[in-house]
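Each chain gets a letter, A, B and so on, in the order the sequences are listed, and its residues count up from 1. Small disclaimer: the values here were computed from a predicted structure and weren't measured.
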2 protein chains.
Amino acid sequence: MELVNTDVAYKFIREKILTGVYLAGSPLATKNLSKEIGVSRTPVRDALRLLEADGLVTIKPRIGASVKSMDLQEFKDLCGLRQALETYAAGLAAQNRTDSELAEIRDALEAMRVIVEKMIKAADDRELLVDLAREDVRFHLAIINVAKNELIKKEIMRLSLINRVVSVPPTGKKQREDLNTRRKVLDSHQEIYEAIAKKDVAAAKDAMDRHQQNNLEKVIQLMGIKEQTKFHSELGLAAAN
Amino acid sequence: MELVNTDVAYKFIREKILTGVYLAGSPLATKNLSKEIGVSRTPVRDALRLLEADGLVTIKPRIGASVKSMDLQEFKDLCGLRQALETYAAGLAAQNRTDSELAEIRDALEAMRVIVEKMIKAADDRELLVDLAREDVRFHLAIINVAKNELIKKEIMRLSLINRVVSVPPTGKKQREDLNTRRKVLDSHQEIYEAIAKKDVAAAKDAMDRHQQNNLEKVIQLMGIKEQTKFHSELGLAAAN
DNA sequence: CTTTGGGAATATGTATACACAAAAATACTT
DNA sequence: AAGTATTTTTGTGTATACATATTCCCAAAG
């Protein structure tokens, strides 16, 4: 793989968006970016087109590019798309899994359980949250990998990134409630795992479908409180189910 | 909406790909295209990036662009993705449909039935095939519209286009068998329709899932005969379920 | 004080020139 | 004559200049 300036610009801008340096709605002027990155406007424009394809950037003719921002309906649609894909993947996983693949899913599940139990005891769970999110991703990724559909995998990962950028800000308070939702998430994962273990396709789909539905409703509820119609992330992990 | 040269180039190249003028694997040199279209290389390159995002074009650094071609596995993955989305959409449609929306779905179904019955009598059904394909698309589109998820709609339509370009060529012969599969398709549609009419979400999903599965298997079978690992369309409608 | 209009400033879209990598054609060696 | 090295050519990636559309600002009018 040759490394061209377009890639440099792409990675640069993408990183800034994903780490929240460029917030949703922020304009992305090619001139500024080219100066900041140290390449000309041409590869910057190329990079912006790539990011538009990723769903992270919006480009309007004669107006320019900006970091993607969505309204509530778009966000719901996004979650629906993800729900469709993860549900389908869960079904495939239940159908095709080998024992070793199942073990990986179980390991991720157990790692999450350990962390949640640590959380119950710990006063401050901020650093545990990062671990939890990582294992959560690992669980879902393990299932997607077993589904063995590269296109679906790519699509889900793309959606995950958009979710991370254009998402609900972290609650901050109400730790007790969060702990409760975490237990529910764990139960959902357990259900999904068991269905896959039993190679019960319908049950796996059903469990994943409900898991995704619950997650959407939880996030919507959190957003409803704020009465926001447009929103962006503060790199919260709330939507990283 | 402002019309910029990038759009001109985009539409030009896209049209050539969709009508089979540029076949799968064909190189798309920016210089030739810019001369042919009458714009400079810059908007052509932009257009190629857009087409890459659509999944119709592959771009390799320092090599250039070419019309997308896929192997069998990629095609299967593509069908899987579509299956996931259409199944989910069918579920939503069953949940949310109004009476008038249901009527549109039924109209498309009945239009298809009329055409198939004409086909049974007709000696030459070539022109009827076009009508059939149109009503088939109309049926699926009606369901997708009722699902009211713009993102999923866009995605399915994107996949449809790729399907049209990178797909199995029409069989040509064996009309009797084709007529039989057409009847089966009609039955599948009937099933889907009835489930949506009854607002039976699970049944709608199940019926659509099987419909998509059958379609994939039919196409795979046709491809298997040819023993092709890479293939392109001759604008056949076989995969336009 | 707000609104409207016109001009300056800015940024985008496009064309084009150039450097260099890849492909093709040619010459050279065995 | 076949394979290899070398040159030529082609085409991509990039920088940059320019035209034009948009935005910004301020002045004038309501």
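- Applying the salt bridge (Lys or Arg N to Asp or Glu O under 4.0 Å) rule to E15(B) yields no partners; only residues at least two apart in sequence or on another chain are considered.
- In this structure, the CG atom of D7(B) is 13 Å from the C1' atom of dT14(C), given to the nearest Å.
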Enumerate the protein-to-nucleotides 15-20 of chain D contacts in which both atoms are nitrogen or oxygen and the separation is below 3.5 Å.
unit_1  : atom_1 : unit_2 : atom_2 : d
dA15(D) : OP2    : S40(A) : N      : 2.5
dA15(D) : OP2    : S40(A) : OG     : 2.5
dA15(D) : N7     : T42(A) : OG1    : 2.9
dT16(D) : O4     : T42(A) : OG1    : 3.3

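- Here dG13(D) presents its C1' atom at 18 Å from NZ of K60(B), a figure rounded to the nearest Å.
- Nucleic acid contact for T30(B): sugar-phosphate only, since backbone atoms but no base atoms lie under 4.0 Å from a heavy atom of the residue.
- Listed by chain and number, the residues in a salt bridge (Lys or Arg N to Asp or Glu O under 4.0 Å) with R138(B) are E104(B), E135(B) (sequence neighbours excluded).
- Residue pairs meeting the salt bridge (charged side-chain N to carboxylate O under 4.0 Å, His left out) criterion with at least one member in residues 26-49 of chain B, sequence neighbours excluded: R45(A)-D46(B), D46(A)-R45(B), D46(A)-R49(B), R49(A)-D46(B), R49(B)-E52(B).
- Considering only the side chain of K31(B), dG11(D) comes nearest among dG11(D), dT12(C), dT14(C).
- The distance from atom CG of L48(A) to atom P of dG13(C) is 10 Å, rounded to the nearest whole Å.
- For the pair L33(B) CG and dG11(D) C1', the interatomic distance rounds to 12 Å; values are reported in whole Å.
- Rounded to whole Å, atom C1' of dT12(D) lies 11 Å from atom CZ of R49(B).
- The CG-P distance, from N32(B) to dT9(D), rounds to 18 Å in whole Å.
- Using modelled atom types and a 3.5 Å distance limit, the side chains of N5(A) and Y10(A) yield no donor-acceptor pair.
- A search for side-chain hydrogen bond (donor to acceptor under 3.5 Å, both in side chains) contacts involving T98(A) returns S100(A), E101(A), not counting sequence neighbours.
- Remark: P of dG13(C) and OH of Y10(B) are 16 Å apart, rounded to the nearest angstrom.
- Taking five base pairs at each end of the helix from dC1(C)-dG30(D) to dT30(C)-dA1(D), the local helix axes there meet at an angle of 10°, rounded to 10°.
- By the side-chain contact (heavy atoms from CB on, under 4.5 Å) test, A65(A) pairs with L28(A), L48(A), V57(A), I59(A), sequence neighbours left out.
- R158(A) meets the side-chain contact (heavy atoms from CB on, under 4.5 Å) test with E155(A), I162(A); sequence neighbours excluded.
- The side-chain hydrogen bond (donor to acceptor under 3.5 Å, both in side chains) check on N96(A) picks up nothing, with sequence neighbours excluded.
- Put simply, CZ on R45(B) is 7 Å from P on dT14(D), counting in whole angstrom units.
- Between I63(A) and D46(A), the residue anchored closer to the 5' end of DNA chain D is D46(A), taking for each the nucleotide with the nearest heavy atom.
- Looking only at atom types and distance, the side chain of Q213(B) has no donor-acceptor partner in the side chain of D209(B) under 3.5 Å away.
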